[in-house]
Structures are given as C-alpha cells and as structure tokens.
Amino acid sequence: MNKIEGIFGSMVFNDSVMRARLPRATFEALQKTIREGLELDRNIADVVANAMKDWALEKGATHFTHWFQPMTGITAEKHDAFLTPVNESSMIAEFSGKELIKGEPDASSFPSGGLRATFEARGYTAWDPTSYAFIKDNTLCIPTAFCSYTGNVLDKKTPLLRSAEALSTQARRILKLFGHEDVKRVFATVGPEQEYFLIDQKVFEKRPDLRYAGRTLFGARPSKGQELEDQYFGALKTRISEFMRDLDEELWKLGVFARTEHNEVAPAQHELAPVFTNVNVATDHNQLTMEMMKKVAAKHGLACLLHEKPFAGVNGSGKHNNWSMSTDTGVNLLDPGKSPAENVQFLLFLVAVIRAVDDYQDLLRISTASAGNDHRLGASEAPPAIVSMFLGDELSGILDAVMHKENYLGAGKTYMETGLGILPKFRKDTTDRNRTSPFAFTGNKFEFRMVGSSHSIADANTMLNTMVADALRAFADELENAEDLKVAVGKLIRRTLREHSRIIFNGNNYSEDWVAEAEKRGLCNYRSSVDAIEHLADEKNTALFERMGIFTAQEVRSREDIMLENYVKVIHIEALTMLDMVRRDILPAVVKFTSGLGESALRKKELGVKGEYEKKMVGNLSALTDSIASLADALDQAVIDAPEGKGALPLAQYYRDSVFPAMQELRCVVDETELLVAKDVWPYPSYGQMLFSVL
Ligand code: ADP
Ligand code: MG
C-alpha cells in the first residue's frame, strides 16, 4: 500500500473497519440504518459500541467524547475515560451502546437564545450514525446532535440533517415523475473551499487584538500590500509547504478528502479545497479542518487566522460553498447532461434553485451574517450583500429561449430547435467564470461565495437545502396532478423563469450600477449583519421552516436572538481590547517616545543648537496623544451607555451605530500615530512584520 492510502482514514471508524470488526448481521443492520435514516436498535448499538471501543483502544485512545456543534459555531466535546472500576484497585475499559447513543453534557452555558433557562439546563447529545466516529487527541469522537430535554434544537447539526432529509424527500418526488423509482436517497453534496492566513506565531502572540478578537484592531498599512498580486498561486515558502503537507496528512488520517492547496491573493493568505462529499460529512469535516489548521500551525511555529478580515486594506477570507444534489445511484442533478430528456430534468432542478434563491435571498444573506463578515461583504473583494445568481451566457441563453419559446442560437451559431425535449447540448467548458457573483453556476454545481471563513457551513447549507426542498415540493405538488406531464413541466419551467428571472445577474457584482439596478429589481440589500439577522424570523421564513419541519417558530426566534447576541459580544470584546491596548500599551509608548523627543529638544536648546524636528514632533504627537485619549474615553462611554435589557435587536443596532463607529475613529488616529513613532518603541508588530513574517 502506498503512503497516502495507508494514512487515509486510519483514524476513522469507517465502513471497512466496521465490516472487518462487526458481526455481519450487525454490520448490515447498521448500514441499513445509515442508508435509510432509520432508528437504531439498542442491541445493535451495544455491539457497535464494543467494537468501537476495542478499535479505539488499539489506536491508543483512552477517552471518548460526544462531539457536537452548539450555536457557538465551533465544536464542543466533553471527555470521559473508558473506565469502569471493578473493585477498589482495578478497572476495566468499557463503553456501552447507551453511552454511544446518548450523552448528557452539562451544557448550561451554551447559547440557547432563551430556549433553556439555566435551572433546566440539561441537554443531551444523540449519536449521528451517518457521520463516522474518529480518533483525535487519543479520544474517540462520536459525531452527535445536541437537543434540550424539552426537545428543542440547540445545535447546527440537527437542522442540517433535517434539511438534508427534506431535500431528499422532495427531490425523490420529482425523480419519480421522471421514472427514477430506483433512487432511494438524494444527497446535497458540498465542497467548501477554505481560505485562511498564516503568520508567525511569535508575531501573533505579541498582538492582543489577534489573540482576543482574531483580527487586527489597529495597524497602519504597510508600504507593500497585495497590489503586486505576486503571492497569488505563487510558489510556496518552505515553512508553508511543510505546514500544508502536515495538515494534509492529519486531515487524511481523519478521512477528510483534502486535495487542493494554494496561495491566495493577499500576502500570507492560502486556501484548502477538499473533494466534495455529502453535506453532513462535509460540514463535520470543515469543522475538523479549521481545528486542525490551528493545531498544525502551532506545531510549525505559525498561527492560523480564520477571521473574515484579519487585516484592513488586505483581502479577507471566505469560504466558497460548492453545492449540488446527487442521487444514491450516482447522478448529479445539476449536471446538464447530454440527452434532451435529461436536460428537461436538469432544467427543472435548475429552476427550482432559481426560484428558491429568489424567494429566500434573505435567508442566504442571513446565513452569512456576522460581525466578522461585515468587513468583507461589499468591500470589493467579496460579493456584495445582495444575493443574485450567475448562470453564464450560454445557460442564460438557453433559459431565455425556453422562456420565450424561441429557437436558441447556440454557441455554434446555428439555430437549434428548442421546445422542451429537444434542447441543445450544454457544454460545460463554456461556462465563463464570474468571480464577483455571490451564487454562481460553475458547470454542474453552484458556488455560494458569501460564507465567512470562520463560519460553520451548516447554516448556509441548512438554508439552501430547505429552500430548494420547498421549491421542489411546490413543483411536485403541481406536477403530480398534471394530466400531461411534459406539457405541465414546460409550463412550470417557463412560468418559474418569468417570475424569478430578476435574481439572475451575469454582470459585475462589485459595480455601483448593480446596487442601483438590484434595487430597481426589488432584490434585498441588507448591508449590515444586523439588518439581515432581524429578518430571520419574518413570517414567510418561519412558515418555510415549519412547513419543511426544520424549526419551530420559537426555535427560529431563538436563533435570531443568538445571532444578534453574538454580534454584540464580538464588538464588545473588540471595543474592550482596543481600550486595553490604547490605555496600557499605546499611550504609554507614545508618551515615552514624545518625552524623549522633548528632552532632546531641551538639551539642544541648552547647547544652543536648533531642534526644530523634535519640537515639531512633540507638538504633533502631543496633539495625537490627546486625541487618542479622548477618542478612547468616547469609546468607553459608548460601551457604558449601551441600552441593556431592551432586547437583542436594539442592543445590536446600538453597537453597530454607536460603538463600532467610535472604534473606527479611534483606530484611525492610532494608525496615523503609528507611522510617526519609532519602530522599536511601538508596542506591537507592524502590518509588514505580520504579513511578511514567514520566510
Ligand atoms: P475553484 O477554485 O476553481 O472554484 P476548486 O477546485 O478550488 O475550484 O474547488 C471546487 C470545489 O467544488 C471542490 O471542493 C470540489 O470538490 C467541489 N465540487 C465539485 N463538484 C461538486 C459537486 N457536484 N457538488 C459539490 N461540490 C462540488
Ligand atoms: Mg472556487
């Protein structure tokens, strides 16, 4: 066996391990459960748990944990040793089916948006057998969903699984109409491209803002930024390539299909793309990837920054969420295919996505809303906050022709007959690239580009699955009653295109004109996260979630609160970090530096020598010092004046409108000052040192 095959999945309790270690009947029962999403028999669970434990112990594990994804957006674990005392001096390693299936973390401190008062804090975690258990840090990790005892959803996995199920159910109804009775399940497939920064760890440690907030809250622009674009796809520096090699190996051990690694546009920025897989596993794997990036970086004396905008004036990081739908028989439903019959089916799924994205633009926008991503969306480096779809000229041409029942002037410049059923062959390689679109068709999948680099992709994919499932549901309702299916499909496709084509935009999304044009089209443009989040529980959205069985109305509202609270907390931490940096490091350093200049001016005066430079600098720096001090006081006051107790929305709006601008003003003056103060006196590494620190 070669090296990569030897490593891959070596820490995963996957199908081949299960086949080798489980009695055949148990293996088959478990597979059936996984394939068909059925409930698991307790007796089977005992056998599986025991086999898992033996396997984990052989791999050196001593502990196990239910691994879950609370609303913090990161993963959580609580470790237990495989230890059962036999008597006062001995123990045996045990792990029961009960422990595998259900856990009870004391989880009172996870955000619940008021769903769970602390006195009834109990929540439980439930095994998700559709994502493999794995070993990390000598601990057997069991992927689980997290709910409260009253049955309320408290995590990101449960709604994702429900949305995937809804999508499967509705897509199968459509497939049945096309005669595909053999399809048992339809999966949402996802390949998330992950952007990140790597800087030297020593430099990182000297920056409280990076440590507490994940981004630089101060920092003057360096003389060299990303303007030369000499880093993009450039040769990897040795330390970086060693990191990537190591990261790949760690991820492969965990069964993550890490494949493509390259430098990104900004200095110190890189990207990792895995091969796509089903949405549940892809989401778990993306969480693991982010965690491993940080861990492996530390081993190499590096710090990995996953924040959406670690450095002002330099491109931020996002996550391109590539999404499609695939049957268990291996057919990608967004592949335009070759034969006309397939094309009609493809077009139907395509217009379902068009309808879904148009009807629920706001949900897609909301799924990417966070204080961090506000720095990125609409900043001419990432899509604007307006959701639209890019289809490319050829596909748009086909749709146009379908809509107007015209002949399509194909890429070969010959007229082709359209009419549904005899569509031209769509050539994938002609999909032009539009890197400015937030939601682009890229040949056989959509690439959703608004997601922030630190976000869990669970949110965006829960929305996508749910809204597309709902469009397919409406289609199936209509078509199942049709007298002539072919005619009905044609009508439905044309009508959907007529009603929803406003969402399609193939032009430059970064341009000013588009903002005006989008407004004319009635598309929503929620510039700030707060503007977006307050629409999560809008009536039409709550109705969607209830209809598709994803959330109750109460759960939707709780999520809105959690998101708003998170926004406030992030800005609050940033504001306090700034105040601390200014008052305890920056001002003392500037004052000391100014007083040195003053002394020099005085000494020169004693000697009868001119000291114009020093005098002028003392004047300038003193003015800046006063201005920094008063802006810091203003920020402090803004934080103190926050309207507590009036609800999450007014508080978030206040932080956006009063605290954040005060932070910006303070930063502006501090950055100006940095450029006037000697390098060895400034208390923090500069942008240049951070961005060009790794050789
Ligand atoms: P680019 O940067 O040009 O968009 P990459 O190769 O970096 O291309 O990333 C493309 C991503 O899309 C990969 O993660 C890939 O696995 C994923 N992908 C390809 N086909 C599908 C599909 N059918 N469904 C979901 N994701 C897909
Ligand atoms: Mg991409």
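Just follow the structure's listing: the first ligand is 1, and inside any ligand the first atom is 1. What's counted below: heavy atoms across the whole structure, side chains too, no hydrogens, waters or symmetry copies.
In this view, Glu242 satisfies the salt bridge (charged side-chain N to carboxylate O under 4.0 Å, His left out) rule with no residue, not counting sequence neighbours. In terms of the salt bridge (charged side-chain N to carboxylate O under 4.0 Å, His left out) criterion, Asp248 has no residue partners (sequence neighbours excluded).
The shortest N or O to N or O distance between Thr260 and ligand 1 is not under 3.5 Å. For a threshold of 3.5 Å applied to N or O pairs, the pair formed by Pro274 and ligand 1 contains at least one separation below that value. Of the N or O atoms in Phe276, one or more lie within a sub-3.5 Å distance of an N or O in ligand 1. Taking distance alone, with nitrogen or oxygen atoms compared against 3.5 Å, Trp323 stays at or beyond that limit from ligand 1.
When heavy-atom distances to ligand 1 are checked against a 4.0 Å cut-off, Asn322 comes that close through both its backbone and its side chain. With a 4.0 Å heavy-atom cut-off, ligand 1 is reached by no atom of His320.
With rounding to the nearest 0.5 Å, the separation of CE in Met450 from OG in Ser437 is 10.0 Å.
The shortest heavy-atom distance from Glu193 to ligand 1 is under 4.0 Å.
Listed by number with element, the atoms of ligand 1 under 4.0 Å from a non-hydrogen atom of Val275 are 16 (O). The ligand atoms of ligand 1 that sit less than 4.0 angstrom from a heavy atom of Asn332 are 23 (N). Residue-ligand proximity, Gly191 to ligand 1, at heavy-atom distances under 4.0 Å covers atoms 14 (O), 25 (C), 26 (N). With ligand atoms numbered from 1 in the order given, ligand 1 contributes 7 (O) to contacts under 4.0 Å with heavy atoms of Glu271. Short contacts between ligand 1 and Glu447, defined as distances under 4.0 Å to a heavy atom of the residue, involve ligand atoms 4 (O).
Side chains of Leu305 and Phe311 form a contact here, defined as non-hydrogen atoms less than 4.5 Å apart. Taking the side chain as every heavy atom from C-beta outward, Leu479 and Leu348 approach each other to under 4.5 Å. Under the 4.5 Å side-chain criterion, counting only non-hydrogen atoms from C-beta, Phe276 is not in contact with Val190.
Phe448 and Phe439 have their aromatic ring centers within a separation under 6.0 angstrom.
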(request) Evaluate the side-chain hydrogen bond (donor to acceptor under 3.5 Å, both in side chains) criterion for residues His285 and Thr277: first the C-alpha distance (whole Å), next the side-chain angles of each, then the deciding distance (0.1 Å), finally the verdict. (result) CA-CA 10 Å; His285 282 182; Thr277 175; over 6 Å; no
